Every structure is written in structure tokens, then in C-alpha cells.
Amino acid sequence: MVRFKLRIQDLDARHPGLTKAVASGYREAAEVCLGRHHSPPTVLTVEHGKQLNAVAHWQAPDERTKCAWANEIDTTEAGAYCVALAAIELTDGLVAIRRAETHTGADYYVAPKGTSPVDLEEAFRLEVSGMDEGSQTAVKTRLRQKLAQTARGRSSLPAIAAVVAFSPPQVAIADATPK
């Protein structure tokens, strides 16, 4: 029995760094990515220090949604944002507080709930990468690349990297700098 839920719906209600429109787009993309390989619901392996299985409840996309998200690269990237943000919320209780600036080596700033998006003192940089398909070895290789990318970023904030593969369904998360 799977005890954990990966909550990909309504991210904007929990992540102040996302608007309703952005969160809805990310969710649609994640559903298209999941729908390429699975039927709802789907159990994903999430690893951040320890491994857990989490169920994601989602709706299979209709043809219009698939057509709107026909670009595989863009869709995989947007879908990975959705799943990675839900995963870091599950594993660490961190939420997106704002989008990261260019050249920071990351995509989002994440922090404990209630953290101000202006004062980044408690924030972490989160770098996200998505893969349509990826073996555990390929995911770990990409994770090492993303950790190196955060090290090159123009920021002194600690960083976390997350790699999402939609088949087999998995999320690998690692800290670039100790928390």
C-alpha cells in the first residue's frame, strides 16, 4: 500500500511562487507526460536521501490538451517542474516562492512555507530537469550534471537538483550544498 501522495494539482494554492495559470499549465504538461506511458493513478519512486513511493492522481489528457502540448521538449520540461515541486514539497516541506533569475544555476527558489519571496535568507535554489524516459543510471547521471550546473550558478544560496523521469516514473533529488 502506498502511503504518500504526490499532489500535482493546485500547486498555486500551496506554492506562492506560482500563479494559477502557471500551475495549471505545469499540471497539464505533467498529465501529458504521464499519459505517454501510464494510466491514472501512477506510483512514482521519489528519492531524496531515502526512497519512498508516492501516488499521483491525475486525469488522462484529451486530444486538445495533447495537441496544445505537442512539443515533447517543452512539455517534458514543464511537466518536470510540476512533479519536482510536488516532490520537494513532499520530501522536505519546501514550496516555490519565486522563479529564479537567469544565470543562478536554478529554476526556482524554494523555502519553508511562509517564507517571504523578497528575503531569500531561508531559500534554496532548485534546479529541475525532465526526461521522457530514463533508466535509474541515466537519471543519476543527469542529476550529477544538474548538481554541477548549480555550482556554476551566480548565487551563494544553497542548491538542490531534481530530475524527473516519466518512464519509469521516478524523481531523484540531491542537495548540492548541505542544508
Side-chain angles (χ1 to χ4, degrees), residues 4-34 44 46-50 52 54 56-58 68-69 71 73-131 139 142-166 170-179:
F4 300 99
K5 289 185 181 178
L6 192 68
R7 298 171 53 204
I8 65 171
Q9 293 84 8
D10 304 317
L11 285 176
D12 58 294
R14 301 181 313 278
H15 295 252
L18 300 176
T19 63
K20 186 174 187 74
V22 170
S24 292
Y26 287 173
R27 180 192 44 77
E28 278 186 355
E31 290 174 343
V32 169
C33 292
L34 288 166
L44 291 92
V46 179
E47 186 177 333
H48 190 191
K50 63 181 180 190
L52 56 91
H57 292 278
W58 55 282
W69 289 99
N71 182 301
I73 293 170
D74 291 348
T75 305
T76 302
E77 178 181 290
Y81 288 150
C82 178
V83 173
L85 289 170
I88 200 71
E89 179 184 10
L90 174 65
T91 60
D92 292 64
L94 300 174
V95 296
I97 58 169
R98 73 186 239 195
R99 192 81 156 99
E101 299 85 2
T102 306
H103 304 298
T104 59
D107 297 301
Y108 275 94
Y109 293 110
V110 295
K113 291 177 185 172
T115 301
S116 167
V118 177
D119 179 13
L120 297 175
E121 192 171 306
E122 293 183 56
F124 298 89
R125 294 175 293 140
L126 176 66
E127 171 58 21
V128 176
S129 183
M131 304 171 73
V139 169
R142 175 79 60 90
L143 186 60
R144 283 191 298 277
Q145 293 168 347
K146 292 297 162 180
L147 290 169
Q149 178 180 325
T150 65
R152 294 188 304 271
R154 294 186 208 152
S155 176
S156 60
L157 289 175
I160 302 167
V163 175
V164 176
F166 290 98
Q170 59 186 307
V171 183
I173 303 170
D175 301 329
T177 42
K179 290 191 252 178

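Here the structure is a predicted model, which means the values were calculated and not measured. The first residue of the sequence shown is numbered 1, and numbering continues consecutively from there.
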Discussion item. Among Val139, Val164, Leu44, exactly one meets side-chain contact (heavy atoms from CB on, under 4.5 Å) together with Gln170. Which residue is that?
Written reply: Val139
Discussion item. Given Ser129, which partner from the list Gln145, Gln149, Lys146 fulfils the side-chain contact (heavy atoms from CB on, under 4.5 Å) test?
Written reply: Lys146
Answer yes or no: is there a side-chain heavy-atom contact under 4.5 Å between [X] and [Y]?
X	Y	answer
Ile173	Asp92	no
Leu120	Arg98	yes
Leu85	Leu18	yes
Tyr109	Thr104	yes
Asp175	His48	yes
Leu94	Ile160	yes
Leu11	Cys82	yes

Within this structure, what is the [atom1]-[atom2] distance for the pair [X] and [Y], rounded to the nearest 0.5 Å?
X	Y	atom1	atom2	answer
Arg125	Arg154	CZ	CZ	12.0 Å
Cys33	Met131	SG	CE	12.5 Å
Arg7	Glu89	CZ	CD	5.5 Å

Worksheet item: Would a distance-only check, ignoring hydrogens and angles, find a side-chain to backbone donor-acceptor pair under 3.5 Å from Arg142 to Gly130?
Response: yes
Fill in: Shortest non-hydrogen separation from Ala78 to Trp69 and the atoms involved
CB-CZ3, 3.9 Å
Worksheet item: What pair of heavy atoms forms the shortest contact from Ile73 to Asn71, and how long is it?
Response: N-OD1, 3.1 Å
Worksheet entry | Residue list, side-chain contact (heavy atoms from CB on, under 4.5 Å) with Arg99, at least two apart or on another chain | Tyr26, Tyr81, Asp107, Tyr108
Donor-acceptor pairs are to be reported for all side-chain atoms of residues 111-119 against protein atoms at under 3.5 Å, with residues two or more places apart or in another chain.
{"residue": "Thr115", "atom": "OG1", "partner": "Pro112", "partner atom": "O", "Å": "2.7"}
{"residue": "Ser116", "atom": "OG", "partner": "Val118", "partner atom": "N", "Å": "3.1"}
{"residue": "Asp119", "atom": "OD1", "partner": "Glu121", "partner atom": "N", "Å": "3.1"}

